[in-house]
Amino acid sequence: MAKPLLDDALWSKIEPLLPDRSALTGILFVLRTGIPWEYLPKEMGCGSGMTCWRRLRDWQAAGVWQQLHQVMLVHLQSYAQIDWTRVSVDGASIPDPQGARKPARIRPTGANWAASTTSPSMHGGYRSR
């Protein structure tokens with residue numbers, strides 16, 4: 001028998017947020033293998049690939065994955081399974097509470113544009129024969 005994608009101990013933590021274990025197993029299988037949703041094997045007992053895809057979409061819209069992430073962080077921390085020395089946070093993941101700063105205005109460096117020294121169209125410019 002194949003090793004289950006979702007063991008019972010992990011499922012006990014996830015079940016309050018995701019009550020459909022078979023759909024979650026199908027989602028994990030598709031994400032792990034990279035197969036198209038419509039090729040999800042019926043023998044797995046996960047329902048159709050489209051059903052799993054709709055569950056994934058609906059759970060995403062409901063914010064379930066963010067909640068699940070928080071549950072898993074707490075669980076892993078309780079077993080000292082997170083190496084916080086390898087964590088980094090930047091503005092791409094955590095917004096600045098004061099909001100983004102507007103870039104400074106760039107002032108012109110002179111009143112007139114300088115003539116190009118590389119353009120052949122300038123007066124007296126170089127022309128090849």
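Listed by chain and residue number, Trp84 satisfy the side-chain hydrogen bond (donor to acceptor under 3.5 Å, both in side chains) test with Gln77 (two or more places apart in sequence, or in another chain). In terms of the salt bridge (charged side-chain N to carboxylate O under 4.0 Å, His left out) criterion, residue partners of Arg21 (sequence neighbours excluded) are, by chain and number, Asp8.
Between the OG1 atom of Thr25 and the CG atom of Leu6 there is a distance of 5.0 Å, given to the nearest 0.5 Å. Rounding to the nearest 0.5 angstrom, the gap separating the OG1 atom in Thr33 from the OH atom in Tyr39 is 12.5 Å. The OG1 atom of Thr51 lies 10.5 Å from the CD1 atom of Ile27; values are rounded to the nearest 0.5 Å. Met50 contributes atom CE, which lies 12.0 Å from atom CZ of Arg55 (distance to the nearest 0.5 angstrom). A distance of 5.0 Å separates CH2 of Trp37 from CG of Leu31, quoted to the nearest 0.5 Å. To the nearest 0.5 Å, the span separating CG on Leu10 from NE2 on His75 amounts to 7.0 Å.
In this structure, Cys52 and Val30 have side chains that are not in contact, with every pair of non-hydrogen atoms separated by 4.5 Å or more. Using a 4.5 Å heavy-atom threshold, the side chains of Val71 and Ile14 count as separate.
Under a hydrophobic-cluster definition in which Ile, Leu, Val, Met, Phe, Trp and Tyr are linked whenever side-chain heavy atoms come within less than 4.5 Å, directly or via other members, Val74 and Ile82 are assigned to different clusters.
Counting heavy atoms of neighbouring residues, nucleotides and ligands inside a 6.0 Å radius, atom CZ of Arg32 does not exceed 12 of them.
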